[in-house]
J.: 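There's a structure below that I have some questions on.
Each chain gets a letter, A, B and so on, in the order its sequence line appears, and its residues count up from 1. Just so you know, these numbers come straight off a predicted model, no measurement behind them.
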Protein chains: 2
Amino acid sequence: MSIVKPSTLPGFMELLPEDQILFNEMKNVIRENFEKHGFLPIDTPVIEKSEVLLAKGGGETEKQIYRFEKGSTDMSLRFDLTVPLARYTVEHFNDLSFPFKRYQIGKVYRGEKAQKGRFREFYQCDIDTIGNGDLSLVNDAEFPVVIYHTFKDLGFTDFTIHLNNRKILKGFFVSLGIEDSTDALRAVDKLDKIGEDAVIEELVETGISVDAAKKIIEFIKIDGSVDEILDSLNNLGVEDDIFKTGLSDITEVIGYIRDFGIDENCFDINLKIARGLDYYTGTVYETTLDNYPDIGSVCSGGRYDNLASNYTDMILPGVGISIGLSRLFYQLNEVKIIESEKKSLIDLLILPMDECISEGIKLVSELRENKVRVGLYTEFAKLKKKFKYANQTKVEYVIVLGEDEIKNRFYSLKNMKTGEQIDISFDELVEKFER
Amino acid sequence: MSIVKPSTLPGFMELLPEDQILFNEMKNVIRENFEKHGFLPIDTPVIEKSEVLLAKGGGETEKQIYRFEKGSTDMSLRFDLTVPLARYTVEHFNDLSFPFKRYQIGKVYRGEKAQKGRFREFYQCDIDTIGNGDLSLVNDAEFPVVIYHTFKDLGFTDFTIHLNNRKILKGFFVSLGIEDSTDALRAVDKLDKIGEDAVIEELVETGISVDAAKKIIEFIKIDGSVDEILDSLNNLGVEDDIFKTGLSDITEVIGYIRDFGIDENCFDINLKIARGLDYYTGTVYETTLDNYPDIGSVCSGGRYDNLASNYTDMILPGVGISIGLSRLFYQLNEVKIIESEKKSLIDLLILPMDECISEGIKLVSELRENKVRVGLYTEFAKLKKKFKYANQTKVEYVIVLGEDEIKNRFYSLKNMKTGEQIDISFDELVEKFER
């Protein structure tokens with residue numbers, strides 16, 4: 001038989017068990033927080049009908065999609081969890097209660113150009129709240145609260161949730177005589193990446209006067225505490241109605257966020273945030289790690305007026321955020337915020353002498369009955385090899401089981417890190433390791 | 001904009017949230033048990049290089065595979081978790097410790113003919129233990145133990161783990177002069193499905209004499225307790241070495257299973273079990289629910305001599321089992337062993353009067369700080385609509401929050417099932433609902 005070199009496709013993340021344990025821990029913390037805040041799980045198929053998935057059509061995304069035929073069926077792998085949510089909400093509309101709060105954690109696929117830190121298969125962790133006809137601004141305030149608790153529980157202390165409202169930007173543009181602000185919003189969104197001059201240039205290219213472009217830059221640079229920014233915006237004297245709605249909305253949302261009582265240092269208003277995606281229509285969010293600005297936003301989202309216009313005439317407004325977990329995990333590893341050290345899922349390993357394997361099994365079973373996370377070395381081998389395995393797996397404690405130990409039911413417990421050994425009874429073992 | 005009818009592809013399972021909660025609970029119980037027994041998580045990509053995934057080539061499977069090209073790359077969706085495990089083990093060989101115990105829970109893809117209870121995307125929950133060069137029979141005994149605890153924790157009381165050893169069958173065939181037993185084993189495996197006569201017919205078709213075929217049927221029908229079957233096999237006087245090894249192996253494995261101390265009623269020896277797959281070489285397992293024999297095996301697997309001969313010259317023997325969770329969930333639903341009733345992930349829902357929304361937010365936050373799983377109705381609406389939502393979501397308890405409640409910090413807690421209402425303080429609420 002000829003041998004094929006085993007390898008994965010470029011751009012597909014695959015972890016060693018010690019990294020996978022860490023990754024799964026993060027995934028569990030996120031899931032726990034989503035559920036605690038009342039979001040319900042769904043799990044849509046990875047493959048969808050192309051005509052459904054691509055109903056919106058066009059754009060950058062379409063080129064990146066894994067699309068293929070099987071028999072006469074044209075199918076595609078999902079490239080995000082939002083389009084499937086729209087399809088799901090309409091398809092199961094009559095069985096859902098609104099506001100419909102759902103979470104989904106799953107892999108999505110984009111055939112992007114392979115580059116460092118960009119993956120073609122990656123986890124998204126999404127929550128969205130969908131209203132039937134309308135949806136109050138209380139929901140816009142709940143998302144920063146979920147982000148706050150999630151990132152706290154993930155172990156982060158210094159992060160900032162940036163809020164803005166697209167209506168404020170849009171209304172300000174209108175007040176400058178700019179009616180179609182889509183391209184302008186896209187340009188503004190790049191400020192941190194390409195700098196002021198380049199943004200002005202891009203704005204001018206869309207037909208905006210240099211004077212107006214400069215006013216835009218000045219506007220989005222308005223800085224200060226949340227209340228100072230709200231004051232500045234109120235004092236600008238912009239008379240446009242969209243602007244006024246945006247300002248009133250963000251003021252109301254800030255009020256609710258304060259009612260929720262999260263740390264005032266963890267959020268701000270940042271007028272630079274536009275979110276490139278054109279489906280956002282109100283509140284927008286980005287989240288950055290204070291000490292690692294280069295990582296960019298680790299959790300983003302916003303409010304949209306109508307989730308599912310491709311599938312229904314019903315109006316379904318929503319708010320949602322997404323954590324790109326694979327990318328986040330990769331980046332945290334890169335900057336060494338997390339360092340996976342090999343660690344064992346068990347607390348104790350029994351190394352039986354070859355002739356004591358049956359007694360080893362019995363001991364392990366008794367310990368497991370007493371809620372001890374214990375493993376057994378199952379192979380017949382020299383003691384040296386058994387210890388080598390214990391070392392490799394990084395289990396913290398080891399017991400060598402020989403005839404004396406079996407007879408006396410007294411064990412020598414070895415700490416593999418310190419080398420320290422103590423004599424210990426079965427009951428003491430249980431007391432020490434019971435989970 | 002034209003509207004596309006939202007629907008999923010046929011053969012792709014998608015659940016409502018209430019079913020998904022139940023499904024996820026089962027998945028969590030399985031994961032917990034895998035981890036408790038020392039299996040480490042891995043998460044291989046859904047897409048692999050076709051040349052790697054299909055290195056073994058040929059057969060039924062190849063036709064079912066979702067295979068496509070993107071750019072010049074020929075790729076396929078995984079159809080099981082075993083081939084990716086083989087690829088993973090060889091690719092990361094130097095970073096793994098052996099015996100390598102891994103679990104993986106993930107979706108796999110087979111473009112089978114769509115039919116009731118058969119899915120094209122389904123979850124497999126796999127554990128395997130891989131040895132480097134050799135692997136003791138203690139491992140063969142550990143799998144029934146994991147199955148036992150997993151199914152107990154899933155809430156099953158009456159199930160049987162059937163054991164056999166392919167060497168016993170193979171050796172018996174050799175003793176009858178049948179050297180290549182692959183086809184014969186496949187025929188034997190169908191006994192429960194197609195009946196004795198049809199199996200005899202199939203055996204004869206493979207070139208076996210009617211006399212020998214009858215002997216085979218007689219042999220695989222040997223019945224009784226575990227010890228009675230072992231006695232019968234010992235007393236048969238079969239002199240073939242493969243047979244003897246198989247008998248000695250299963251005897252040793254049974255001994256270890258007893259050392260592990262699982263309920264003697266939960267396992268047996270069943271000589272009818274051959275497992276159609278030709279890569280099994282020793283112990284084989286099937287698990288059936290005693291009261292639902294029609295469901296067939298809910299957890300199967302076995303021992304194989306060499307996991308990864310397509311990718312390496314190294315000999316990597318292993319043992320593994322798989323639970324087909326999507327199919328199991330579907331079947332349990334069909335026979336009404338599980339019935340998903342809509343239930344809420346939260347224990348309590350606050351329905352604030354419209355003017356009390358801010359105070360509602362504060363109450364919810366305080367309760368969440370005290371580990372209460374509580375939700376908030378966020379919309380401005382008539383009280384009737386708010387109660388309708390509470391009813392739909394099946395939350396068990398509700399509090400209507402008005403000005404009196406806010407002033408007195410005393411609440412009227414309504415049980416939505418019984419209609420009973422009690423007055424309760426904040427502290428009592430926490431005491432009642434703290435998780």
Side-chain angles (χ1 to χ4, degrees), chain A residues 1 3-4 6-9 12 14 16-17 20-21 24 35-36 38 40-49 51-52 55 66 68 70 75 87 90-92 95 97 99 107 111 121 136 138-139 256 259-261 309-312 345-346 357-358 361-362 365 373 375 378-380 389 392-393, chain B residues 1 3-4 6-9 12 14 16-17 20-21 24 35-36 38 40-49 51-52 55 66 68 70 75 87 90-92 95 97 99 107 111 121 136 138-139 256 259-261 309-312 345-346 357-358 361-362 365 373 375 378-380 389 392-393:
Chain A
M1 199 179 315
I3 284 185
V4 177
S7 63
T8 49
L9 288 158
F12 285 71
E14 179 167 87
L16 287 172
Q20 195 66 54
I21 290 171
N24 291 1
E35 292 196 351
K36 227 187 290 183
L40 297 169
I42 72 169
D43 184 3
T44 65
V46 168
I47 313 179
E48 299 252 9
K49 291 179 185 170
E51 66 161 26
V52 172
Y66 292 96
F68 53 93
K70 176 100 185 155
M75 45 184 84
R87 195 262 310 141
V90 178
E91 188 173 349
H92 304 290
D95 294 310
S97 318
K107 289 175 169 179
E121 175 187 72
S136 88
V138 177
N139 294 286
Y256 293 141
D259 289 334
F260 273 114
S309 58
N310 298 303
Y311 309 124
T312 181
L345 284 177
I346 53 170
I357 186 77
S358 280
I361 294 175
K362 285 177 198 163
S365 299
R373 289 246 171 150
T378 53
E379 303 310 293
F380 299 92
Y389 175 80
Q392 282 178 337
T393 55
Chain B
M1 198 181 315
I3 283 185
V4 177
S7 63
T8 50
L9 289 158
F12 285 71
E14 179 167 88
L16 288 172
Q20 195 66 53
I21 290 169
N24 291 0
E35 293 196 350
K36 226 187 293 184
L40 297 168
I42 71 170
D43 184 4
T44 64
V46 168
I47 313 179
E48 300 252 7
K49 291 178 185 170
E51 68 161 27
V52 171
Y66 291 97
F68 53 94
K70 176 100 185 154
M75 44 184 86
R87 195 261 312 141
V90 178
E91 188 173 347
H92 304 290
D95 294 309
S97 318
K107 289 175 169 181
E121 175 187 74
S136 88
V138 176
N139 294 286
Y256 293 140
D259 289 333
F260 272 115
S309 58
N310 299 303
Y311 309 125
T312 180
L345 284 178
I346 53 169
I357 185 78
S358 280
I361 294 174
K362 286 177 197 164
S365 299
R373 290 247 171 149
T378 52
E379 302 310 293
F380 299 92
Y389 174 80
Q392 282 178 337
T393 55

J.: For Ser136(B), is there any backbone N or O sitting under 3.5 Å from a side-chain donor or acceptor partner on Glu379(A)?
T.: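 Between the backbone of Ser136(B) and the side chain of Glu379(A) there is a qualifying donor-acceptor contact (under 3.5 Å).
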
J.: I'd like to know which of Ile357(B), Ile47(B), Val52(B) tops the heavy-atom pair count under 4.5 Å against chain A.
T.: Ile47(B)

J.: Counting heavy-atom pairs under 4.5 Å with chain A, which one of Glu35(B), His92(B), Arg373(B) comes out on top?
T.: Arg373(B)

J.: Taking side chain as everything from C-beta outward and backbone as N, CA, C, O, which of these in Lys70(B) sits under 4.5 Å from a heavy atom of chain A? Side chain, backbone, both or neither.
T.: side chain

J.: Do you know which of Tyr256(A), Phe260(A), Phe380(A) has the most heavy-atom pairs with chain B at a distance under 4.5 angstrom?
T.: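 Most heavy-atom pairs under 4.5 Å with chain B: Phe260(A).
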
J.: Can you find a heavy atom in the side chain of Thr378(B) that is under 4.5 Å from one in the side chain of Asn139(A)?
T.: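 A side-chain contact exists here, since the closest heavy-atom pair is under 4.5 Å.
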
J.: Evaluate the criterion side-chain contact (heavy atoms from CB on, under 4.5 Å) for residue pair Val4(B) and Asn310(A); output intermediate values, then yes/no.
T.: CA-CA 6 Å; Val4(B) 177; Asn310(A) 298 303; 5.6 Å; no

J.: Under a 4.5 Å heavy-atom cut-off, does chain A meet the side chain of Ile21(B), its backbone, both or neither?
T.: both

J.: Look up atom CD in Glu14(B) and atom CZ in Arg87(A), then write down how far apart they are to the nearest 0.5 Å.
T.: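 Output value for this atom pair is 4.0 Å.
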
J.: Drop me the distance from Leu40(B)'s CG to Ile346(A)'s CD1, to the nearest 0.5 angstrom.
T.: 8.5 Å

J.: List in chain and number order the residues that pass ring pair (Phe, Tyr, Trp, His ring centres under 6.0 Å) with Tyr66(A), two or more places apart in sequence or in another chain; answer none if no residue qualifies.
T.: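 If we apply the ring pair (Phe, Tyr, Trp, His ring centres under 6.0 Å) test to Tyr66(A), skipping adjacent residues, there are no hits.
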
J.: Go through the structure and list residues passing side chain to side chain contact (heavy atoms under 4.5 Å, CB included) with Lys107(A), not counting sequence neighbours.
T.: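 For Lys107(A), the residues satisfying side chain to side chain contact (heavy atoms under 4.5 Å, CB included) (neighbours in sequence not counted) are Tyr109(A), Glu121(A), Tyr123(A), Asp43(B), Val46(B).
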
J.: Indicate whether the side chain of Lys49(A) and that of Thr8(B) have a donor and an acceptor atom separated by less than 3.5 Å.
T.: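 The answer is no; no qualifying pair exists.
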
J.: For chain A, which candidate among Glu51(B), Lys362(B), Glu91(B) shows the most heavy-atom pairs at distances under 4.5 Å?
T.: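 So the answer, after comparing Glu51(B), Lys362(B), Glu91(B), is Glu91(B).
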
J.: Pro17(A) versus Ile42(B): any side-chain heavy-atom pair under 4.5 Å?
T.: yes

J.: Evaluate the side-chain proximity of Thr44(A) to Phe12(B): yes if any heavy-atom separation is below 4.5 Å, no if none is.
T.: no

J.: Contact between Glu48(B) and Leu9(A) at the side-chain level, heavy atoms closer than 4.5 Å - yes or no?
T.: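 No, their side chains stay 4.5 Å or more apart.
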
J.: With a 4.5 Å limit on heavy-atom distance, are the side chains of Pro41(B) and Leu345(A) in contact?
T.: yes

